[in-house]
Structures are given as structure tokens and as C-alpha cells.
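Fair warning: this is a prediction, and the values are worked out from it, not measured in the lab. Protein chains get the first letters and strands the later ones, always in sequence-line order, with residue 1 at the start of each.
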Number of protein chains: 2
Amino acid sequence: MKLGQATIKDIAKELNVSLSTVSRALKNYPGISEETKRRVKETAERLNYRPNAVALSLRQSKSFTIGVIIPEVVHFFFSTVISGIEEVAYANGYNVILCQTNEKYEREKSILDTMLANQVDGLLVSFSKETKDFDHFTKLIELELPIVFFDRIPAIDSSVHVTVNDFQGAYDAVTHLLQQGYKKIAHISGPENLTITKQRKEGYLKAIRDFDEAISYTKILECPSGNEDESFKLVNALFTNGEEKPDAIFAHHDLAAAGALMALKSLGIKIPEEVGLVGYSNWQFSSMIDPPLSTVSQPGASIGETATKLLLDMINKNGNTGTISKSVMLDTELIIRKSSSK
Amino acid sequence: MKLGQATIKDIAKELNVSLSTVSRALKNYPGISEETKRRVKETAERLNYRPNAVALSLRQSKSFTIGVIIPEVVHFFFSTVISGIEEVAYANGYNVILCQTNEKYEREKSILDTMLANQVDGLLVSFSKETKDFDHFTKLIELELPIVFFDRIPAIDSSVHVTVNDFQGAYDAVTHLLQQGYKKIAHISGPENLTITKQRKEGYLKAIRDFDEAISYTKILECPSGNEDESFKLVNALFTNGEEKPDAIFAHHDLAAAGALMALKSLGIKIPEEVGLVGYSNWQFSSMIDPPLSTVSQPGASIGETATKLLLDMINKNGNTGTISKSVMLDTELIIRKSSSK
DNA sequence: TTGTAGGCGTTATCAC
DNA sequence: GTGATAACGCCTACAA
């Protein structure tokens, strides 16, 4: 904190009035003469006065700060969510404290402590891959701390969350592949404990079941890390081990799709002619790779905005007491590019 | 803030001791009986006591919070910087308040006000493309608020900043192209008012001057937005307008390089055979596009870490009083991939 | 070894 | 219309 920041006290001293008068004048309270108001404001301006938000927090037991806990900022998806969060928070006079767990459970708990110590008014959370136990969150929910989960949601009944319809997103993607004439579609799956992984897997399976009874090929490659290296190896193995080969791949993530793409290319397999490919998330690079990658776009900014609005509602107990904030599910959008267009 | 969070007062009441005893016991002050200490700590645990950081901030005139102002989180480079910042801040018990300017000057000023109101102990700043006047920062520096600029640095003499050696990075990239046998190298430039733009441009020119007197072709395409669409158009125009054509392109950014790459491909021009290409920043997609893009890698995490360490030093006035914190310049690394390898 | 009181900056509640 | 005072949660110099 800068030394010598002017306070209300300085203004009062300067003008020989009381603290309360200054406070009231600054906030345009009734019952203060226009003259006094003018003088106070002018002095405040001159002394470069700035209200001390920390003192306000203490006084009002409200910090106007929300905590955001995410796995990693470098994930394009999360960074778009952050943008959405910031936008809404900022517009409503709230600050954002941001921390990343780096996918570590211990770190997540530690961050939570810090945020609580800092009196955040509420929390936006997408928990780590390691997190399998949600006690640290349920305790807080019981204490009525507003929490909104997004993208990765916990198995807590009363939790409020914002997700995208991952089941439908996967379903659409796989249906699209089937409609393009692909008949043997494999799925590269993701981290096991996440709901999104399960949803996408189920969407994949359901799409195949629904499309045509004659089509029954399914193959799931478990790729817990979800990154391109692991995916590269898995796909490479699948196409060289003599096993029945798929003619299309639906990856649970663009990174995994990119790994698959590189593996296929290195094996001289043509995309989309021999093998079709669809990813998930619409990362920035997806449109720039060759061939451009079809993918399922998640509305990152909307997720952030929606989650933040929900949270602010909870914080401000908007809506009549009866209206409990409800979770929201947003739609995905299938983006068809060359990698799946025969 | 949650209702009913236990305070020091609650513990004192519970044990019939004074506030100061509790406070001292919790902080392991000398001169407190082991017995009392034990009882206090046990009660604290039981009541789920958590020190109130806001009260501490007020009391100590120190918030243990640093403000980070960046243009946009969705830029891969900035997100890596943030990771570095978070890492160091967190390890030293500091919180991070993050705000993005979305490249808007007005927003930047407004964010600055908010951060000051929140009594940040220091600031890490990469200002917006629109910012041409630095009064809002110089005022604060005069008030001795610690500020460290990174990546984009202002024309302020006394400013402390962390940059990468953009001149050298560009120089290396262009020299590499020349060594590969390319002789007519064009440069796609970036936002005008940024030092990094100037540095990269100069590195480009110097490399050509230094390499071989016989080579004199230079061509600079101004691309103020720096994005792939604008770059696409510029390159497309350059190669179709009958003008003398370059046989290589050094782009000031990977996004611009990606635009160039798409333009060249759409014209049927082979990379790297007919035209070589090098970008800047080593974005995630660079290794995944076809051909993989040579680029200059900036150590984002290091920048963040270094800047944060510098800032914490300034905040804590480390080093003897004489030791003024100095600015730091980090090295880039040329990453050679297919797009520039004849 | 423990308790008391004042203060960090602000505002709400009284009083005048 | 304005002023004095207590309180938010915590720490610490000074007393006891």
C-alpha cells in the first residue's frame, strides 16, 4: 500500500469538520449543506482521496471480492471462462481473486483456505483432476458460502453449477460422423473422475446405438491425462497392433484430437478420406491445423458469465427468498471442418 | 463472507482469557504458558477459527495482495506469464488480483483505481495497445507504489521492467532464415506503439544488414492488429499484386504467421520449399500446424516469475537500501521446425 | 504470564 | 446540519 494515501480523517482535519460530515458528504447523504458537500468533495479531489476498500470490507463484512479456482489458466477453455467471469464481476463492482490448482488436490484445499481468510463473498470453482472428495466444499456450502461450480461439477446434491450439455455435444459429433458415412468410430476418453468425461462417453455410445442397428463397432481408448502425447501413442498403437481399425475418431478434447491427427499423419493415413476426426473444445489452433479440425465448441465466455451472474444472485440473495438459484446447462455447437467432411 | 465465522473474541470468551492472550498464543509468542497455548489452539481448531486477512490488512497497512493488469488472459503468452506470477506470489503468501484491460485505455485506468482502493501492495503491468500516455502509472511510481512492467514497457525512465530480448530474438530468427538460403525476407510487423514491435523490426533489419552485403531486400507489412485475418489479407495481397515477392517471411507473432501460412497455402505456395516462415511466441498450436512453425519462444513463466520476484523485493525493500531493483531482460530461444527448414 | 487500551479507515447510531 | 462514539477483527505497547 502506498504511503501517505489520504483518508477521510485528512479531509476532516483540513476543513475542520468531523469525520461523519466528510463521510456523509462524500456519499451524498441528505442533511448536509450543499456548501459543505462542495468543499468536502473539492478537498477530496485535491488530496487525491480514495476510499479504502479494505476498511470497507471490515466494516461491512463484505469484500466485494469473488474467488475463482481453476485448474490452469493456460488452458484456452479456462481462459475464455475467466474472461466471462471478469466481465460480469467487473461490471458489478466485484473483484476477482484468481488461483490455479495445477490439478493438485492439496493445492486446492490450501487455496480455499487463503480465499476464505480473505473473506471472499463467494466462490467459482472448477476443481482439479485429483479431487475425488468434496468435503472441503460441502463444509462451506453448509456454512452458506455461495459457491458455483462450472465445467467440472461435484457429486453434491445441493450444489449449484454451470455446465455445457456434454452428452448432447458428443452425441451430435458422433452422429455427424455417422452421417458422413463413417461406420467404425473410436472414442478417445479423458480423466476418469470428471463428469464431463462420463457424459461425453455416454453421448458417444448413445449416438452409435441410435443411428443404425447394423453399426455396432465401439472402441474406447482411455486417455486419462488427456494430452496430445498420450493420445499420439494410443492411436499409433491402435493402428499398428493388428486390431480391427476404426474409420473415425471422436476425441474428448482437441488436444487429444491433435495427438491423434499427428499419429495418423505419421502413419500416412489420410484425413478425412480414410479416417474422420472430431475433437472437443474448439481451441484456437483447431482451425489452423491441417486439415482443420471439426470440433464441439463450448461457450467458454458464456459459462463464465452465467456462473458469475448466478453467484452474484446468490451473494445478493436476489429473487425472493423462495427462489433458489438453479443450475444451468448451456448448449454446445458442432463446428464442422475438413477433418470430418468426406 | 460466511456468517458466523469464529473470531479471536469467540475463542477468548470460550476460555475466559483476554483477546491478547489468544492472539499471542496463536502466533506462538514467547511468554505464554504451554498450557494456555494448547488450550487456545485446540479451541481455535474446534471453532474452525481462521484469521481474518481483511482485518490484518487494515491493521498492518499491508494487504499481501498484488494486482496484475494484462491485456487478455486468452493470449497464450499472457496465460503462461500468469502461471509464473501465481507460482511465486503463492509461494510467498501473496494473493493475486487479476484484471484484463481488453486492450482498452479507459478500462486500464479504471482497473488501476480499483486496485488502489483495494490496497494492493504492488502492481504487475502489461499495458494495453491503446495506452500511449503513462501519467496514471508515473503518478503511482512517484508515490512509491512498487510497479513492475513486463513484456510491454513504458517510456518511463525510472520504471522497473522485465522483458525478453526481442531485438536478439528477431535477429536470430532472420539470421536463421538467411542461413537456410532465403534471400528476400519480408517482415509482418505488429502494433505500432509497443516497444516489442520496434525491437523485432530492428532485429529483422539488422540481421539482413549484417549477413551479406549482396542481400538488400527488405519489406515490412504493417499489421497493427497482429491477428491472423489481417495477416492473411496482407500476405495474400503481397503475393498477387505483381510486386517483387519475398522468399521468406518473419512474422512478429505466431498468429500473424498462421495467417501468412494459410494465405500461402491457399495460393498453392509450398512451405518451406518456396517460402520460408518463422513466427514469434511459440504458441501451443505452432507445433501442430502443417508444416510445424518455426518460432521464437518467449519464456512466459520465467517472465512472470522474475517480475514477481522483483516486485516482492521492492515491496519488502529487500537488498540494502542502496540496491535499487533493476530491470531484467530474458533470452528468447529460436525453435526451428519444418516451416523454415529447406 | 496475562490483561487493557488504542488504533488501522470507515460508517451507523445516537445526540446536539 | 453537524459531531461524538462504537464497532468491524486484529495486533501490540504498556501495565499489572
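- Within the 4.0 Å cut-off from OP1 or OP2 of dT13(C), not a single side-chain nitrogen or oxygen of Tyr29(A) is found.
- The separation between Leu47(A) atom CG and dG9(C) atom C1' is 15 Å, rounded to whole Å.
- Formation of a donor-acceptor pair under 3.5 Å by the Glu108(A) side chain with backbone atoms of Ser128(A) is found in this model.
- Phe64(B) places its CZ atom 14 Å from the C1' atom of dC10(D), with the value rounded to the nearest Å.
- Using a distance-only test at 3.5 Å, with no hydrogens or angles considered, no donor-acceptor pair links the side chain of Asn118(B) to the main chain of Val120(B).
- In summary, the side chains of Thr21(B) and Ser18(B) do present a donor paired with an acceptor at a separation below 3.5 Å, with no hydrogens or angles considered.
- Between Asn52(A) and Leu56(A), every side-chain heavy-atom pair lies at or beyond the 4.5 Å cut-off.
- Taking side-chain N and O atoms only, Lys9(A) has a distance below 4.0 Å to OP1 or OP2 of dC8(C).
- Listed by residue number, the members of residues 10-19 of chain B with any heavy atom below 4.0 angstrom from DNA chain D form an empty set.
- Across all strands shown, Ser20(B) has heavy atoms under 4.0 Å from base atoms, whether or not it also approaches the sugar-phosphate.
- Side-chain atoms of Thr21(B) stay outside donor-acceptor range of the base of dT1(C), with no qualifying N/O pair under 3.5 Å.
- Remark: Glu34(A) engages Lys37(A) in a salt bridge, criterion side-chain N to carboxylate O under 4.0 Å.
- Taking every side-chain heavy atom of Thr7(A) into account, dT10(C) is the closest of dT2(D), dT10(C), dC10(D).
- Between the side chain of Ser110(A) and the backbone N or O of Glu106(A), no donor-acceptor pair lies under 3.5 Å.
- Close to dC8(C), at under 4.0 Å from its OP1 or OP2, lies no side-chain N or O of Lys62(B).
- Projected onto DNA chain C by closest heavy-atom contact, Tyr49(A) and Arg59(B) fall at different nucleotides, the more 5' of which corresponds to Arg59(B).
- Ser23(B) comes within 4.0 angstrom of a base, heavy atoms only.
- Between Phe134(A) and Phe127(A), the ring centre distance stays below 6.0 Å.
- Side-chain atoms of Arg24(A) and base atoms of dG3(D) include a donor and an acceptor less than 3.5 Å apart.
- For the pair Gln60(B) CD and dG9(D) P, the interatomic distance rounds to 17 Å; values are reported in whole Å.
- Taking atom CZ of residue Arg38(B) and atom P of nucleotide dT2(C), one finds them 13 Å apart after rounding to whole Å.
- Between His136(A) and Tyr105(A), a ring centre-to-centre spacing shorter than 6.0 Å is recorded.
- If you take CG of Leu58(B) and P of dC10(D), they are 12 Å apart, rounded to a whole angstrom.
- Leu26(B) has its CG atom 13 Å from the P atom of dT12(D), to the nearest Å.
- A sub-4.0 Å separation between OP1 or OP2 of dC8(D) and a side-chain N or O of Ser57(A) is absent.
- Look at CD on Glu35(B): it is 14 Å from C1' on dT2(C), rounded to the nearest Å.
- Across the protein-nucleic acid pair, Asn52(A) atom CG and dC8(D) atom P stand 18 Å apart, rounded to whole Å.
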